[in-house]
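Take a look at the structure below.
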There are 2 protein chains.
Amino acid sequence: MRTKILKKPTIKRLPTYLHILRQLSNEGEEYVSTTKLINELEFEPVLVRKDLATMDLPGKPRLGYKLQDLINAIEEYLGWNETSDAFLVGCGSLGVALMGYDPFKDYGLNIVAGFDNDSSKTGKSIHGKQVYNIAELPQMIKEQNIEVAVLTIPWQYAQDVANDLIKAGIKAIWNFTTVKLKVPEGVVTHNENLASGLALFSVKKKLRDNSDIED
Amino acid sequence: MRTKILKKPTIKRLPTYLHILRQLSNEGEEYVSTTKLINELEFEPVLVRKDLATMDLPGKPRLGYKLQDLINAIEEYLGWNETSDAFLVGCGSLGVALMGYDPFKDYGLNIVAGFDNDSSKTGKSIHGKQVYNIAELPQMIKEQNIEVAVLTIPWQYAQDVANDLIKAGIKAIWNFTTVKLKVPEGVVTHNENLASGLALFSVKKKLRDNSDIED
DNA sequence: TAGATTGTTAATCGATTAACAATC
DNA sequence: TAGATTGTTAATCGATTAACAATC
């Protein structure tokens, strides 16, 4: 297993590359050069070349990289060659969306069930996935050996529920609440901050004409 | 109107501050110091102080900032003191979620209607908002003077639909597809890249034990 | 006055960009 | 051989952190 640690900005750009590479692959291409990738992107060529170089694949001058090798390397690095099963906690509108968001299957994430404390939601199935009462979480986490959770509950309950999840064996939490979770060693969280994105969007909008702010 | 341009990382942190400040305000606090903010956060104190300093408010040594002034300044800077009406295009699972995502009302965004080309979706209302056929978009954008669009359609159609939106008068697109939209001068887009977040999450997960990667 | 805090300038760190060498 | 591309080292740029002065 590769243990080389890439820079955070590089990691964030990898899915963008991967998306284009998969497209090119569908179109039957065999090799891909930085130049070809750049056409679809707004990154600097050197940046792309450096990012791809971190994958430690040999590129052929004049040709580029072997497309499939590059795809495999990125998928492997991200761990997207095998999917992890995950529980989603909080079947509000955002939770329901994520349960039905097809593209995740390309990103190594498989949400297998949802949980909620609202009895009007439990017992039904959403996007083909069963919704259970949150009380059943600990037992089901243990039984099914689930290590990944997606947290889409109101922020007021976030820390408490996270504590329960961790106690039951969850090792990684993708957190969509605005709360910065406090977690013990050995548990990772990642905050998906929609508000940050919206803030940036709002400011760009305001500065529309005289702006020099970049994405 | 304030035209001072903040740094991108600062802008992304503002909503986090705002969230905590609003909480403190609800609890009846009148002043807030960096020290108090830090308790809820994982940022460096100096960083927070510098971010807040960009708001150009006088802080009182030993006391901190006047809470309400700080909240107002941040909201004003982000343009969140007044909400913009927006159309959402693409009522798939993600689109439906965003239409029903309550917190947006605190973030200056008001999605007033949805659009889709699937006749099984049009004519109904979702989360209290009407869904129209995408063919009606141009006319309705003009009639209602809408300048903001949220784009949650499959990426294959993203550029084409964006072109139509812009032609009809849309000035700002919050783009949830994986495509980097090409837009003319005077139109802003912001890409919300869920895949980037998931990539970072995946890598953190993989490196769980021996990691030195930071959020 | 002492202490907690704001506010600012300088130093460090990290990421991007520029310049150029190597290769098929 | 010429040219397109990979690959790498050095320079620049931007953001964070450290150090310290100012103030109530």
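Heavy atoms only: backbone and side chains are in, while hydrogens, waters and symmetry mates are out. Residue numbers begin at 1 in each chain, while the letters A, B, ... track the order of the sequences.
Side-chain contact of A:Thr10 with A:Asp51: a donor-acceptor pair under 3.5 Å is present, judged by distance alone.
The distance from atom CE of A:Met55 to atom P of D:dT6 is 15 Å, rounded to the nearest whole Å. One interatomic measurement links the two molecules: NZ of A:Lys12 to C1' of C:dA15, which rounds to 13 Å at whole-angstrom precision. Separating the NZ atom of B:Lys66 from the C1' atom of C:dT6 is a distance of 18 Å, rounded to the nearest angstrom. Between the P atom of D:dT16 and the CZ atom of B:Arg49 lies a distance of 15 Å, rounded to the nearest Å. Remark: P of D:dT5 and CZ of A:Arg62 are 8 Å apart, rounded to the nearest angstrom. When the P atom of D:dT5 is taken as reference, atom CG of A:Asn39 falls 10 Å away, rounded to whole Å. Separating the CG atom of A:Asp56 from the C1' atom of D:dG7 is a distance of 12 Å, rounded to the nearest angstrom. Between the CG atom of B:Leu52 and the P atom of C:dG7 there is a distance of 9 Å, rounded to whole Å.
Considering only side-chain N and O atoms, A:Ser33 lies nowhere under 4.0 angstrom from the phosphate OP1 or OP2 of D:dA4. Between A:Tyr31 and D:dA4, a side-chain N or O to OP1/OP2 separation shorter than 4.0 Å is absent. For D:dT5, the OP1/OP2 oxygens have a side-chain nitrogen or oxygen of A:Thr35 closer than 4.0 Å.
Of the candidates C:dT6, D:dT17, C:dA19, D:dT17 carries the atom nearest the B:Leu47 side chain, counting heavy atoms from C-beta on. When the nucleotides D:dT6, D:dA18, D:dT16 are ranked by their closest atom to the side chain of B:Arg13, D:dT16 comes out on top. Set against C:dT16, C:dC24, D:dA18, the side chain of A:Pro61 has C:dC24 as its closest nucleotide.
No donor-acceptor contact under 3.5 Å links the side chain of A:Lys36 to the base of D:dT5. Remark: the B:Lys50 side chain and the D:dT17 base include a donor-acceptor N/O pair separated by less than 3.5 Å.
Within 4.0 Å (heavy atoms only), B:Thr10 reaches no atom of the nucleic acid at all.
Aromatic pair B:Phe104/B:Trp174: ring centres closer than 6.0 Å.
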- Run the ring pair (Phe, Tyr, Trp, His ring centres under 6.0 Å) check on B:Tyr31 and B:Tyr65 step by step: do they pass? CA-CA 5 Å; B:Tyr31 281 88; B:Tyr65 295 92; 9.5 Å; no
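Pairing each heavy atom of B:Cys91 with each of B:Val96, the nearest pair is O-CG2, 3.5 Å.
Using a 4.0 Å cut-off between charged side-chain N and carboxylate O, A:Arg22 and A:Glu75 make a salt bridge. Taking 4.0 Å as the cut-off between side-chain N and carboxylate O, B:Glu29 and B:Lys36 count as a salt-bridged pair.
Remark: B:Glu82 CD is loosely packed, at most 12 non-hydrogen atoms of other residues, nucleotides or ligands lying under 6.0 Å away.
Stems are defined here as 3 or more consecutive Watson-Crick or G-U wobble pairs with pairing distances under 3.5 Å; those involving DNA chain D are C:3-24 with D:3-24.
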